[in-house]
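Report on the following structure.
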Amino acid sequence: MAAAVALLLSSCGKSGGGRPEFGDNEYPVVTVGTSSSASQQSFPASIKGVQDVQISPKVQGFITQINVKEGQTVSAGQVLFVIDNVTYQAQVRQSQAAVNTAQAACNTAKLSFENAQKLFESKVIGDFELQSATNSYESAKAALAQAQAGLASAKEMLNFCYVKSPAAGVVGTLPFKKGALVSAASVLTTVSNNSSMEVYFSMNEKEALAMSKNGGGLSALPAVKLQLSDGTIYDLEGRVTKMSGVIDQATGTVQMIAVFQNPQKLLKSGASGSIIIPHDNPEAIVIPQSCVSEVQNKKFVYTVGKDNKVKYTEIKVDPQNDGMNYVVTDGLKVGDKYVTNGITKLSDGMEIVQITPERYQQKIQEQAKAMSASDIVNAMKK
């Protein structure tokens with residue numbers, strides 16, 4: 001008997017559609033108010049270091065030393081690789097010799113110039129001889145400057161053989177081994193600064209527009225959470241700091257970047273996860289899903305006017321919901337009245353008698369108690 005009563009009750013209230021046959025056209029009606037609503041949105045995301053630097057050599061040669069290991073933490077300026085530099089050392093020595101030769105020639109030209117000046121002052125030589133000595137000295141200085149530039153270039157090329165990290169961070173994979181021939185097109189590794197991590201995700205155009213219209217922009221967004229690939233939530237919250245100014249026409253989305261601190265180095269560059277953005281609305285209009293009917297992806301409720309006649313009213317709701325309630329964004333306002341149960345029995349313009357949901361439940365219980373034994377048997381058969 002208890003099972004039969006339960007079956008009856010459940011059939012009466014199933015999906016808000018059924019209702020007891022009261023015979024007096026009574027329907028439960030609720031006045032719209034506001035309440036607190038909490039929801040969240042999840043977006044697929046990729047994780048990158050705030051600075052991911054690809055390390056490539058500027059010269060071609062064989063790798064003679066690899067001074068780091070994968071996953072090692074390095075500092076800015078630390079030597080990561082050494083490339084065969086015998087040839088470049090010879091060029092430095094050759095350039096140094098050229099500088100020495102040019103310096104000697106310049107010193108000799110200087111002596112000749114100074115001597116010519118004294119002879120000119122003593123009127124031993126004329127303007128032509130003095131000018132010739134001057135030109136020789138200037139030419140020697142130019143040759144010295146050229147040799148010094150060649151030496152600087154040779155030293156720079158030699159320095160390129162010592163591949164250094166441009167930033168502090170963590171070393172990525174090492175695809176080349178000692179003895180491999182590499183060039184400027186070769187990526188030796190990647191150094192990722194993972195003291196804090198940038199998490200990239202995309203938001204569709206409608207969501208980005210709604211966020212921009214709220215007047216606060218990125219500063220109005222709450223702290224976000226990061227769900228890792230294993231389903232756990234990262235301990236620290238992040239903040240959305242950047243939004244692309246261009247909408248991707250292929251996908252209709254805007255790229256966003258949230259920054260998370262990474263003191264424990266748990267987050268790795270190249271990993272994936274999901275960004276979770278919470279939405280708290282202290283003055284939301286929340287209604288049960290059971291009182292909403294859906295036709296061709298449109299949602300409707302029956303509102304009640306002052307003349308006690310119902311109206312088939314379209315509403316718009318937040319796509320994010322908890323599976324039991326809707327947050328109404330348009331179509332209802334505070335003070336409106338709507339029918340909560342028995343909506344399948346209603347039609348637009350129908351006049352009803354308004355009762356409270358509590359009275360409605362009470363009448364269900366009264367009707368259940370009044371069931372005859374035959375009614376129970378029939379209910380059990382159903």
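All values reported here derive from a predicted model rather than from experimental measurement. The figures here come from the full heavy-atom set of this structure, side chains too, leaving out hydrogens, waters and symmetry mates.
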### Glu294 CD: over 12 foreign heavy atoms closer than 6.0 Å
yes
### Query
Which atoms form the tightest heavy-atom contact between Pro166 and Ile55, and what is the distance?
CD-CD1, 3.4 Å
### Message
What I want to find out is whether Glu198 reaches Lys48 closely enough, with some N-O distance under 4.0 Å, to be called a salt bridge.
### Response
no
#### Entry: Residues, nucleotides or ligands: over 12 heavy atoms within 6.0 Å of Gln117 CD
yes
### Donor-acceptor pair between Thr329 and Asp318 side chains, under 3.5 angstrom
no
### Message
Please give me the minimum heavy-atom distance between Gly49 and Ser192, naming the atom from each residue.
### Response
CA-OG, 3.6 Å
### Query
Given the rule in the side chain to side chain contact (heavy atoms under 4.5 Å, CB included) test, do Val328 and Val286 qualify, once you have shown the distances and angles that lead to the verdict?
CA-CA 6 Å; Val328 180; Val286 181; over 6 Å; no
### Summary
salt bridge (charged side-chain N to carboxylate O under 4.0 Å, His left out) filter on Lys337, not counting sequence neighbours, yields none
### Task
Show which residues join Tyr200 in its hydrophobic cluster (side-chain heavy-atom contacts under 4.5 Å, direct or indirect), or state none.
Ile257
### Task
Kindly determine whether Leu188 and Ile63 satisfy side chain to side chain contact (heavy atoms under 4.5 Å, CB included), including the steps that lead there.
CA-CA 10 Å; Leu188 303 183; Ile63 297 176; 4.3 Å; yes
## Note on the structure
One should read off an interatomic distance between Ser75 OG and Lys164 NZ, to the nearest 0.5 angstrom, of 11.0 Å
#### Entry: Fellow cluster residues of Leu119, listed by chain then number, with links counted only when side-chain atoms sit under 4.5 Å apart
Phe120, Val124, Ile125, Leu130
### Query
Are Val191 and Leu80 close enough that some pair of their side-chain heavy atoms sits under 4.5 Å apart?
yes
### Query
With a 4.5 Å heavy-atom cut-off, do Ile287 and Val292 have their side chains touching?
yes
### Query
Please, which pairs that meet ring pair (Phe, Tyr, Trp, His ring centres under 6.0 Å) have at least one residue in residues 150-195, sequence neighbours excluded?
none
#### Entry: 4.5 Å side-chain heavy-atom contact, Val339 and Val301
no
### Task
Give a yes or no on whether Lys299 atom NZ has more than 12 heavy-atom contacts from other residues, nucleotides or ligands under 6.0 Å away.
yes
### Minimal non-hydrogen separation, Ser56 against Val187, with atom names
OG-CA, 3.7 Å
### Query
Taking only residues two or more places apart in sequence, or in another chain, which ones meet Glu358 in a salt bridge (charged side-chain N to carboxylate O under 4.0 Å, His left out)?
none
### Query
Checking Ser347 side chain against Met350 main chain: does a donor-acceptor pair fall under 3.5 Å?
no
### Message
Could you see if Ile343 belongs to whatever hydrophobic cluster contains Val295? Use Ile, Leu, Val, Met, Phe, Trp, Tyr and a side-chain cutoff under 4.5 Å.
### Response
yes
### Task
For Thr173 and Thr190, run side chain to side chain contact (heavy atoms under 4.5 Å, CB included): C-alpha distance rounded to whole Å, both residues' side-chain angles, the deciding distance at 0.1 Å, then the answer.
CA-CA 7 Å; Thr173 58; Thr190 299; over 6 Å; no
### Task
Check the surroundings of atom CD in Gln89: do more than 12 heavy atoms from other residues, nucleotides or ligands lie under 6.0 Å from it?
yes
### Query
Any link between Val170 and Val53 through a network of hydrophobic side chains (Ile, Leu, Val, Met, Phe, Trp, Tyr) touching at under 4.5 Å?
no
### Message
Rounded at 0.5 Å granularity, tell me how far CD in Gln51 sits from OG in Ser196.
### Response
10.5 Å
### Task
Using modelled atom types only, decide if a donor and an acceptor are shared between the side chain of Ser122 and the backbone of Lys118 within a distance under 3.5 Å.
yes
### Message
Test: ring pair (Phe, Tyr, Trp, His ring centres under 6.0 Å). Region: residues 225-266. Which pairs qualify, not counting sequence neighbours?
### Response
none
### Task
Take Asp248 and Gln255 through the test side-chain hydrogen bond (donor to acceptor under 3.5 Å, both in side chains) and record every step on the way to the result.
CA-CA 8 Å; Asp248 187 333; Gln255 188 177 74; over 6 Å; no
### Task
For Asn25 and Glu351, indicate whether the former's side chain and the latter's backbone hold a donor-acceptor pair under 3.5 Å.
yes
### Message
Tell me every residue that passes side chain to side chain donor-acceptor pair (under 3.5 Å) with Asp348, counting only those two or more places apart in sequence or in another chain.
### Response
none
### Task
Count the heavy atoms belonging to other residues, nucleotides or ligands that lie under 6.0 Å from NZ of Lys265, then report whether that count exceeds 12.
yes
## Note on the structure
In short, ring pair (Phe, Tyr, Trp, His ring centres under 6.0 Å) pairs touching residues 297-345 with sequence neighbours left out are Phe300-Tyr312, Tyr302-Tyr312
Donor-acceptor contacts, no H, no angles, side chain residues 65-73, under 3.5 Å, sequence neighbours left out:
residue: Glu70; atom: OE2; partner: Leu174; partner atom: N; Å: 2.9
residue: Gln72; atom: OE1; partner: Lys69; partner atom: N; Å: 3.0

### Message
Using only atom types and a distance under 3.5 Å, with no angle test, would you say the side chain of Thr344 pairs donor to acceptor with the backbone of Gly342?
### Response
no
### side chain to side chain donor-acceptor pair (under 3.5 Å) partners for Asp307, two or more places apart
none
## Note on the structure
When rounded to the nearest 0.5 Å, the distance separating OH of Tyr137 from CG of Asn107 is 8.0 Å
### Query
For residues 43-99, which residue pairs qualify under ring pair (Phe, Tyr, Trp, His ring centres under 6.0 Å), counting only residues two or more places apart or in two chains?
Phe43-Phe201
#### Entry: From Gln91 atom CD to Ser153 atom OG, the distance as rounded to the nearest 0.5 Å
8.5 Å
### Query
What pair of heavy atoms forms the shortest contact from Ile275 to Ala45, and how long is it?
CG1-CB, 3.9 Å
### Query
Taking C-beta and beyond as the side chain, do Val59 and Cys161 meet within less than 4.5 Å on heavy atoms?
yes
### Query
Is there a path from Val199 to Ile276 through hydrophobic residues (I, L, V, M, F, W, Y) whose side chains come within less than 4.5 Å of each other?
no
### Query
Given side chains that start at C-beta, do those of Leu267 and Leu228 come closer than 4.5 Å, heavy atoms only?
yes
### Query
If you look only at pairs with a residue in residues 128-144, which of them pass as a salt bridge (Lys or Arg N to Asp or Glu O under 4.0 Å), with sequence neighbours excluded?
Glu138-Lys141
### Task
Would you confirm whether Gln289, through its side chain, and Asn325, through its main-chain N or O, come within 3.5 Å as a donor-acceptor pair?
yes
### Asp230, CG: over 12 other non-hydrogen atoms inside 6.0 angstrom
yes
### Task
Identify the two heavy atoms, one from Val240 and one from Met256, that lie closest to each other, and give their separation to 0.1 Å.
CG1-CE, 3.9 Å
### Query
Between Val99 and Leu144, what is the shortest heavy-atom contact and its length?
O-CD1, 3.7 Å
### Task
With rounding to the nearest 0.5 Å, note down the distance linking CD in Gln261 to OG in Ser195.
7.0 Å
### Query
Hey, are the side chains of Met203 and Thr253 touching, using non-hydrogen atoms and a 4.5 Å cut-off?
no
### Message
Between Gln96 and Asn100, is there a side-chain heavy-atom distance shorter than 4.5 Å?
### Response
yes
### Task
Check the pair Gln354 / Val304 against side chain to side chain contact (heavy atoms under 4.5 Å, CB included), numbers first and verdict last.
CA-CA 9 Å; Gln354 301 182 39; Val304 183; 3.3 Å; yes
#### Entry: Spatial distance of atom CD1 (Ile47) from atom OG (Ser272) [nearest 0.5 Å]
7.0 Å
### Message
I'd like to check Ile83 versus Asn85 (side-chain heavy atoms, cut-off strictly below 4.5 Å). Are they in contact?
### Response
no
